[in-house]
Participant: 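Submitted below is the structure of interest, expressed as structure tokens.
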Amino acid sequence: MNALKRSSQVAYKRWKDRNISFVTPQTDDKSVLTVHEEQPGIDEPSDEGVHTIQEQVDLEDSKNRSSGISETFTVEEAVEAIGFGSFQWKLSMLTGVAWMADAMEMMLLSIATPQLRCDWRLSSWRVAFITAIVFIGMMISSSLWGNISDKYGRKVCLILCMMWTLHYGLLSAFAPVYSWILILRGLVGFGLGGAPQSVTLYTEFLPVKSRGISIILLGVFWALGAVFEVLLAMVVMPTLGWKWLLAFSTFPLVVFAASCCWLPESARFDVLRGREDKALDTLKYIAAVNGSSVPTGRLIVNTQTERGRIKDLFLPEYRKTTLLVWFIWFCNAFSYYGLVLLTTEMFQAGSPCSGSGNSNSEPRCSLECNDLTFPDYLDLLWTTLAEFPGILVTLWMIDRIGRRKSMAICFVLFSVSILPLYACTQRTVLIVFIFIARACITGGWQVAYVYTPEIFPTATRAIGIGTGSGMARVGALITPFIAQVLLKSSVYLTLSVYLICCLLGAVASWFLPMETTGRSLQESTQSTMEQKNMERPHDSETTSN
């Protein structure tokens, strides 16, 4: 009987080895047994042991599901699970410093150029070209920095452009002649073209609920940088001159250079590049800083090798959005910088209703030298403070009514606010309406900074912001010819140009194809197209019901 029992066991073992194979896939840290079996015959032994193994696997899966543990998770799910905490506050400070540096370099143009006119006896068009060369540098480089950010990383791009700006910003303080200041300030503008990529990096670490408010709050750093530049000029310019002002204005860039070693790379970018291990390490680090945890399971990798291509912005799914977003950025910059120039020109001309025949509209001498006085600095300070109310109002409405409606309302309110400029009213009333107009256009531009990174996927997010910023610089280049040149011919025609431009901007905002409030950030162009294809049947069902 014992020999018969041993023979039966050997035969069963041979049958089991021939018909059952165990495979261990590399999908998790634990080995999962997958059983492939053939149908046993009538006289074949029972496969009770096989069912026991499968039951153990099923039991383990059911335990995982009941305990809330998912087998896989995306970066979006991880960011939502980690939440907003200490890490995001630190990142806000660091990206905010980059915004302060950008604002100070831009505000510097309206403060240093009057003294440059006096020191080097420059004509008006040469002074204007110092400002124009900075915008030209930004226009040329914005798309390039966006391409670098999408291909090589947000951290690499931001550090490189900030170090570039710091280097040439300091060299500008030693410019001996006019030609050198043009070259060096143009190179500074080239570096500043990458400053909007700080928004790209910042956006990709924010949960959905806090994304809009957090990006809008970056505008506070812009306003603080402009205010700090005016206060710095009030102290430095009367005593040390414009060279020291240029040197001291690089202080935020020095702070950024000293702190950028802490800056992490975007986990979304690492996943898109196929580096899931680095992305997971970054997410675990953020979770540790915030005192939270990363979801259990394996991080899903959605790799896309072709990134940062401008032609991807014109795929059928994005073509209309891209063109409308570009036009909105153009209108924002055209109107914002136009209002700044228009305010100074109209007040220097005397009456706001002065026509083409008013002699006060023409400068008395192209080489006229007037240093800024203390009241002039106070006027600049009050004008800059007008941006804070715009940011506060935008904070209130961006999540309540959505991104598209917020931009449309800001454009409409800007148009309404400049209507009193057509009438001969008191200077105080004009200042009030100009402040309201500047607050509105500032708020609208901040919403554009929120909407643009949300509408484009990670593969083209940086190039989307970069090209939008480039279109904004086109508007900044054109607006002096309207606010300064056309104004000499007709005040009413000049105001009408800005009025019509912002009304068209409102229409463009209203007809944007998609609202991004509460929407998850998309990772690749393929995933976005797949999501849209999945959403279409659902939409059609909803319509039919």
Side-chain angles (χ1 to χ4, degrees), residues 212-213 215-216 219 222-223 320-343 346 352 383-423 425 429-452 454-455 468 471-472 474-476 478-479 482-483 486-487 491-517:
I213 295 176
I215 298 176
I216 291 295
W222 173 279
K320 180 180 178 181
T321 300
T322 298
L323 294 176
L324 290 176
V325 166
W326 282 3
F327 183 71
I328 290 169
W329 279 74
F330 173 89
C331 292
N332 276 310
F334 179 79
S335 304
Y336 176 86
Y337 291 111
L339 183 65
V340 173
L341 295 174
L342 195 64
T343 304
M346 292 185 67
T383 304
T384 304
L385 290 175
E387 298 190 9
F388 287 100
I391 294 173
L392 293 176
V393 173
T394 306
L395 281 174
W396 178 83
M397 68 178 180
I398 186 170
D399 286 329
R400 286 177 172 83
I401 66 174
R403 279 58 161 150
R404 296 184 298 179
K405 291 181 181 179
S406 296
M407 287 188 286
I409 289 175
C410 287
F411 278 126
V412 171
L413 289 179
F414 176 88
S415 301
V416 172
S417 299
I418 66 173
L419 284 176
L421 301 183
Y422 285 88
T425 57
V429 177
L430 288 177
I431 292 175
V432 170
F433 280 102
I434 288 173
F435 275 27
I436 295 174
R438 181 160 178 176
C440 293
I441 199 64
T442 299
W445 204 347
Q446 291 301 320
V447 180
Y449 268 107
V450 177
Y451 183 84
T452 305
E454 288 181 336
I455 196 64
M471 290 301 297
V474 174
I478 296 175
T479 199
I482 306 299
L486 183 61
L487 185 70
V491 174
Y492 299 138
L493 182 59
T494 302
L495 294 175
S496 299
V497 171
Y498 291 105
L499 181 68
I500 295 172
C501 177
C502 282
L503 290 178
L504 291 176
V507 173
S509 302
W510 188 267
F511 283 100
L512 283 168
M514 185 179 295
E515 175 58 59
T516 59
T517 304

Participant: Is there side-chain contact between Pro513 and Leu324, with heavy atoms separated by less than 4.5 Å?
Facilitator: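 A side-chain contact exists here, since the closest heavy-atom pair is under 4.5 Å.
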Participant: Work out which heavy atom in Ser417 is nearest to a heavy atom in Phe433; give both atom names and the distance.
Facilitator: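 That closest heavy-atom pairing would be O-CB, 3.4 Å.
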Participant: When rounded to the nearest 0.5 angstrom, what distance separates CG in Leu413 from SG in Cys502?
Facilitator: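 Answer rounded to 0.5 Å: 10.5 Å.
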Participant: Determine whether a donor-acceptor pair (N or O, by modelled atom type, separation under 3.5 Å) exists between the side chain of Ser335 and the backbone of Cys331.
Facilitator: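 Yes, Ser335 side chain to Cys331 backbone: donor-acceptor pair under 3.5 Å.
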Participant: Can you list, pair by pair, the side-chain donor-acceptor contacts under 3.5 Å of residues 392-402, counting residues two or more places apart and other chains?
Facilitator:
{"unit_1": "Thr394", "atom_1": "OG1", "unit_2": "Gly390", "atom_2": "O", "d": "2.6"}
{"unit_1": "Asp399", "atom_1": "OD1", "unit_2": "Arg403", "atom_2": "NH1", "d": "2.7"}
{"unit_1": "Arg400", "atom_1": "NH1", "unit_2": "Trp396", "atom_2": "O", "d": "2.5"}

Participant: Taking all atoms of both residues into account, what is the closest heavy-atom pair of Arg404 and Leu512, and its distance?
Facilitator: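 In this case the closest contact between Arg404 and Leu512 is NH1-O, 2.5 Å.
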Participant: Do the side chains of Leu495 and Leu499 get nearer than 4.5 Å, heavy atoms only?
Facilitator: no
Participant: With heavy-atom distances below 4.5 Å as the criterion, would you say the side chains of Phe414 and Ile418 are in contact?
Facilitator: yes
Participant: When you look at CZ of Phe388, are more than 12 heavy atoms from neighbouring residues, nucleotides or ligands closer to it than 6.0 Å?
Facilitator: yes
Participant: Nearest 0.5 Å please: distance from the CZ atom of Phe435 over to the CG atom of Leu385.
Facilitator: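 The CG atom of Leu385 is 7.5 Å from CZ of Phe435, to the nearest 0.5 Å.
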Participant: Locate the shortest heavy-atom distance separating Phe334 from Cys501; write the atom from each residue and the value.
Facilitator: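 Minimum heavy-atom contact is CD2-SG, 3.7 Å.
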Participant: Is any side-chain heavy atom of Tyr451 closer than 4.5 Å to one of Ile328?
Facilitator: no
Participant: When rounded to the nearest 0.5 angstrom, what distance separates CZ in Phe327 from CG in Leu323?
Facilitator: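 Result: 11.5 Å between the selected atoms.
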Participant: Is there a side-chain contact between Thr321 and Met514 (heavy atoms, below 4.5 Å)?
Facilitator: no
Participant: Taking all non-hydrogen atoms of both residues into account, name the closest pair between Ala472 and Trp445 and its distance.
Facilitator: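 Shortest heavy-atom contact: CB-CZ2, 4.0 Å.
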Participant: Distance alone, cut at 3.5 Å: any donor-acceptor contact between the side chains of Thr442 and Trp222?
Facilitator: no
Participant: First locate atom CZ of Phe411, then atom CG of Asn332, and finally report the distance between them rounded to the nearest 0.5 Å.
Facilitator: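 Answer rounded to 0.5 Å: 4.0 Å.
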Participant: Please answer whether the main-chain N or O of Thr517 pairs with a side-chain N or O of Glu454 as donor and acceptor at a distance below 3.5 Å.
Facilitator: no
Participant: Measure the CD1-OH distance between Ile441 and Tyr337 for me, rounded to the nearest 0.5 Å.
Facilitator: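 It comes to 11.5 Å.
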Participant: Tell me the closest heavy-atom pair linking Phe511 and Lys320, and the distance in Å.
Facilitator: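 Scanning both residues, the minimum pair turns out to be O-CE, 3.6 Å.
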Participant: Hey, does Trp510 have a side-chain heavy atom less than 4.5 Å from the side chain of Lys405?
Facilitator: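 The answer is yes; the side chains approach within 4.5 Å.
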Participant: Just how far is it from atom OH of Tyr498 to atom CG of Leu493, taken to the nearest 0.5 Å?
Facilitator: 11.0 Å
